[in-house]
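Letters go in sequence order (proteins before strands), and every chain restarts at 1.
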Protein chains: 2
Amino acid sequence: MSTATHNAEALAQKLADSGLRSTPQREVVYDVLLRKRDHPTADEVFARVKSGLPSISLATVYNCLETLVQCDLVRAVNFERSPTRYCPNLRPHAHFHDEQTGKTHDIDLPPELLEKVSSVLPVGYDAKSVEIIFRGKATKSVASGG
Amino acid sequence: MSTATHNAEALAQKLADSGLRSTPQREVVYDVLLRKRDHPTADEVFARVKSGLPSISLATVYNCLETLVQCDLVRAVNFERSPTRYCPNLRPHAHFHDEQTGKTHDIDLPPELLEKVSSVLPVGYDAKSVEIIFRGKATKSVASGG
DNA sequence: CTTGCGCCTTAGAACCATTCTAATTTGTTG
DNA sequence: CAACAAATTAGAATGGTTCTAAGGCGCAAG
């Protein structure tokens, strides 16, 4: 059994778990992500997928990616590429993004935690900054820190 | 001396350090950020600024925000918005974003680190996910992890 | 005080990733 | 084969951000 076949079956299983179908488009998109793990954008996935499935559309690539994310097979990651929110708090802090209210809260960080986090970097990686983002909900109404 | 005046002077100083001028627009934008620390978007800043400076343009708000970020007076934070990247690595990991090459690398995380990081959340914050992003440069050529 | 030069601001167009819409195709079930 | 649901498609629409070209303003030199 080839790896691609194996992946296709695992994919079909996961999709079925969510009541979704396996389709050639979904298989190829997933395969592209597994083949080269360089965190491609949707456009890059589109370009790669077209070599195996020339008729696929960009909209479908977006649809497939979203489907894969919903099935917990793929993670969506956002990097910079356009500052969205601004805060004047210059002390070390993380951000908590409340998915229910859309509000963002600063979370103070003890300096030694940042050190600890940075210490996971292998030799050869020189980090200039670290960003920590929590997502979830604030169960009680918490002070806005304004 | 009012707080606003104090901020304006600190701002002027910081701007001067970078060879830039203090302007009414820059002062008002900075003041808006200090007044309500709810991580506003550029559009929100624009709306607030207009009440004090009705003639200001959105482009200027963007310019001012970028200037403030460059002077280390304000931090830009990205959430959802922005070209999304996708990765099929489901194990706990952080991302290292190499600013020179634009490439992204997975950094494996020991599970206890995620616990430690999550433990900084005060009572009332219930995080569903944590994202850790390093930015910097990879000094040696490191394996791409592909 | 006037002139010149460069920094800032401005409006609106351009850009680009993403989402939406409406129509077609595909697959499944009876 | 018929009917219905799910998925794909092309292209238009959306929306935040950046770019462009033109005008305004302040500072320095004369």
Side-chain angles (χ1 to χ4, degrees), chain A residues 8 11-12 14-32 39-50 52-71 73-86 102 104, chain B residues 8 11-12 14-32 39-50 52-71 73-86 102 104:
Chain A
L11 170 62
K14 273 280 196 176
L15 287 167
D17 290 350
S18 301
L20 300 169
R21 291 181 195 156
S22 186
T23 68
Q25 289 86 349
R26 286 170 178 171
E27 286 177 14
V28 175
V29 166
Y30 187 43
D31 199 50
V32 156
H39 307 82
T41 63
D43 261 339
E44 288 164 348
V45 172
F46 182 45
R48 294 175 199 179
V49 159
K50 273 203 286 198
L53 207 60
S55 67
I56 199 172
S57 77
L58 179 58
T60 299
V61 170
Y62 275 101
N63 291 341
C64 291
L65 287 170
E66 196 189 324
T67 299
L68 293 174
V69 168
Q70 281 172 357
C71 292
L73 282 164
V74 164
R75 219 195 278 185
V77 189
N78 310 81
F79 294 105
E80 56 186 311
R81 180 77 205 156
S82 49
T84 323
R85 291 169 182 279
Y86 298 88
T104 299
Chain B
L11 170 62
K14 273 280 197 177
L15 286 167
D17 290 349
S18 301
L20 300 169
R21 291 182 193 155
S22 186
T23 69
Q25 289 86 348
R26 286 171 178 170
E27 285 175 16
V28 174
V29 166
Y30 187 44
D31 199 50
V32 156
H39 307 81
T41 63
D43 260 339
E44 288 164 348
V45 172
F46 182 45
R48 294 174 198 178
V49 159
K50 273 203 285 196
L53 207 60
S55 66
I56 199 172
S57 76
L58 179 58
T60 299
V61 170
Y62 275 101
N63 291 340
C64 290
L65 288 171
E66 197 191 323
T67 300
L68 293 174
V69 169
Q70 281 171 359
C71 292
L73 281 164
V74 164
R75 217 194 282 185
V77 190
N78 315 74
F79 294 105
E80 323 278 320
R81 299 221 69 80
S82 65
T84 304
R85 290 167 182 281
Y86 297 88
T104 298

After noting the C-alpha distance and the side-chain angles of Val61(B) and Leu65(B), does the key distance pass the side-chain contact (heavy atoms from CB on, under 4.5 Å) rule? CA-CA 6 Å; Val61(B) 170; Leu65(B) 288 171; 3.9 Å; yes

Between Val28(A) and Ile56(A), is the side-chain contact (heavy atoms from CB on, under 4.5 Å) condition met? List the steps. CA-CA 10 Å; Val28(A) 175; Ile56(A) 199 172; over 6 Å; no

Across nucleotides 23-30 of chain C, 5' to 3', mark each nucleotide with B, S or - according to how protein heavy atoms within less than 4.0 Å reach it. ----S---

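Atoms CZ and NE2, on Arg75(B) and His39(B) in that order, are 8.5 Å from each other to the nearest 0.5 Å. Considering OG of Ser22(A) and CG of Leu11(A), their distance stands at 4.5 Å, rounded to 0.5 Å. Taking NZ of Lys50(B) as the reference point, atom CG of Leu58(B) lies at 8.5 Å (rounded to 0.5 Å). Interatomic distance, CD of Gln25(A) versus OG of Ser57(A), reported as 8.5 Å (0.5 Å rounding). Considering CZ of Arg26(B) and OG1 of Thr60(B), their distance stands at 9.5 Å, rounded to 0.5 Å.
In this structure the side chain of Ser18(B) never reaches within 4.5 angstrom of the side chain of Gln70(B), judged on heavy atoms.
Atom pair Leu65(A):CG and dT18(C):C1' shows a separation of 12 Å (rounding to whole Å applied). At whole-Å resolution of the value, CD in Gln25(B) and C1' in dG26(D) are 13 Å apart. One can place CD of Glu66(A) at 18 Å from P of dA17(C), the figure rounded to the nearest angstrom. In this structure, CZ of Phe46(B) is placed 15 Å from C1' of dT18(D), rounded to the nearest angstrom. Rounded to an integer number of Å, the gap from Leu15(B) CG to dC8(C) P is 8 Å.
Among the heavy atoms of the strands lying under 4.0 Å from Asn63(A) is at least one base atom, whether or not backbone atoms are also near.
Scanning residues 53-60 of chain A for heavy-atom distances under 4.0 Å to DNA chain C yields Leu58(A), Ala59(A).
Thr23(B) has no side-chain polar atom (N or O) that falls below the 4.0 Å cut-off from OP1 or OP2 of dC7(C). For dT19(C), the OP1/OP2 oxygens have no side-chain nitrogen or oxygen of Tyr62(A) closer than 4.0 Å.
No donor-acceptor pair under 3.5 Å is formed between the side chain of Glu66(A) and the backbone N or O of Asn63(A).
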